[in-house]
Protein chains: 2
Amino acid sequence: MIMKTETKPQETCPVKITIDLISGKWKPNILYYLGEDTQRFGQLQRKIPSISRRVLTLQLKELERDYLIQRKAYLSPLKVEYSLTQEGRSLIPILISMKQWGEVYLASR
Amino acid sequence: MIMKTETKPQETCPVKITIDLISGKWKPNILYYLGEDTQRFGQLQRKIPSISRRVLTLQLKELERDYLIQRKAYLSPLKVEYSLTQEGRSLIPILISMKQWGEVYLASR
DNA sequence: CCGCATCCCGTCTGATACTG
DNA sequence: CAGTATCAGACGGGATGCGG
């Protein structure tokens, strides 16, 4: 079948790795907005109103730890900006496929 | 940016929907093997040794509930077979992209 | 052969309040 | 403005045992 290349999924299944990196509750949204443009912490907060500061912080930290986004802090004016890294950007086509698949899926139910 | 079509991610973000459907701990593996061929319960168990019967059952039920796989029970011989549905099959290209992305990601660390 | 029931535990997330 | 601290609840998943 199509999916057969040669490696079997294992403890370090690449598919699982990819999923885990983006499957935080709000990570798709965050990546989406960062895909549009660099965003400040507060901007993300306003664009995703139901997320709490605490969780937004956590998700951003994880994304940063995983090299998908970059954090830049400024002192005056006091602000922090987040943007996608190369790796993060390379993920976007996959997010788009998932978005399209999800729309079809939703439409058929 | 690329990801921009017109819909914003919301409570029912299509990306999130898609991720949720496949982000069970063993779902990628299960889908992978079902992508190769129809599999019996016991076959899946042997191919994914570290999964318990309980969890395998749960994951299969969820995948079935979500229309990604089909369950067929036979009485003699006593067995149950699982296979991908149309919807499940349509997900495979995405899984492949994620697999490839994950491999590149792993290689670069 | 296949699956359900029960118990248990770690992780993730939310609410709320406090800080450089 | 952009976090941190603490507490509490929900949930996913592991271990084990019973059952059709």
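Scope of the values below: all heavy atoms of this structure, side chains included, with no hydrogens, waters or symmetry mates. Below, chains carry the letters A, B, ... as their sequence lines are ordered, and counting in each starts from 1.
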Of the options [options], whose atoms approach the side-chain atoms of [X] most closely?
{"X": "A:Lys25", "options": "C:dG14, D:dG14, C:dC2", "result": "C:dG14"}
{"X": "B:Lys79", "options": "D:dG13, D:dT4, C:dC2", "result": "C:dC2"}
{"X": "B:Val55", "options": "D:dT4, D:dA2, D:dG13", "result": "D:dG13"}

field: Contacts of B:Ser52 that satisfy side chain to side chain contact (heavy atoms under 4.5 Å, CB included) - sequence neighbours left out
entry: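 Result, side chain to side chain contact (heavy atoms under 4.5 Å, CB included) vs B:Ser52: B:Arg54, B:Val55.
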
Nucleotide [N], atom [atom2] - distance to [atom1] of [X] in whole Å:
{"X": "A:Leu44", "N": "D:dA2", "atom1": "CG", "atom2": "C1'", "answer": "12 Å"}
{"X": "A:Leu56", "N": "C:dC12", "atom1": "CG", "atom2": "P", "answer": "17 Å"}
{"X": "A:Gln59", "N": "D:dA2", "atom1": "CD", "atom2": "P", "answer": "18 Å"}
{"X": "A:Leu60", "N": "D:dC1", "atom1": "CG", "atom2": "C1'", "answer": "14 Å"}
{"X": "A:Lys16", "N": "D:dG13", "atom1": "NZ", "atom2": "C1'", "answer": "11 Å"}
{"X": "A:Leu58", "N": "C:dA15", "atom1": "CG", "atom2": "P", "answer": "14 Å"}
{"X": "A:Gln39", "N": "D:dA2", "atom1": "CD", "atom2": "P", "answer": "12 Å"}

Measuring to OP1 and OP2 of [N], would you say a side-chain N or O of [X] lies under 4.0 angstrom away?
{"X": "A:Arg40", "N": "D:dC1", "answer": "no"}
{"X": "A:Lys61", "N": "D:dG3", "answer": "no"}
{"X": "A:Gln45", "N": "D:dC1", "answer": "no"}
{"X": "A:Gln43", "N": "D:dC1", "answer": "no"}

Show the distances under 3.5 angstrom between N or O atoms of the protein and N or O atoms of nucleotides 18-20 of chain C.
residue : atom : partner : partner atom : Å
C:dC18  : N4   : A:Arg53 : NH2          : 3.4

field: Cluster check B:Leu58, A:Ile19: I/L/V/M/F/W/Y, side chain < 4.5 angstrom
entry: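 Cluster IDs for B:Leu58 and A:Ile19 differ.
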
- prompt: Is there a donor in the side chain of A:Lys25 and an acceptor in the side chain of A:Gln59, or the other way round, less than 3.5 Å apart?
  reply: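 No, because no side-chain N or O of A:Lys25 sits under 3.5 Å from a partner of the opposite role on A:Gln59.
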
query: Pick the nucleotide of DNA chain C nearest each of B:Phe41 and B:Arg54; which residue has the one closer to the 5' end?
result: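 Here B:Phe41 is the residue nearer the 5' end.
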
field: Residue from A:Leu34, A:Ile22, A:Thr85, A:Leu68 passing side-chain contact (heavy atoms from CB on, under 4.5 Å) with A:Leu63
entry: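 For A:Leu63, the side-chain contact (heavy atoms from CB on, under 4.5 Å) test succeeds with only one of A:Leu34, A:Ile22, A:Thr85, A:Leu68, which is A:Leu68.
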
query: Is A:Ser52 touching bases, backbone alone, or none of the nucleic acid, heavy atoms closer than 4.0 Å?
result: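 The residue A:Ser52 makes no contact with any strand.
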
- prompt: Which heavy-atom pair separates B:Trp101 from A:Glu87 by the least distance, and what is that distance?
  reply: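 The pair with the smallest heavy-atom distance is CZ2-O, 3.7 Å.
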
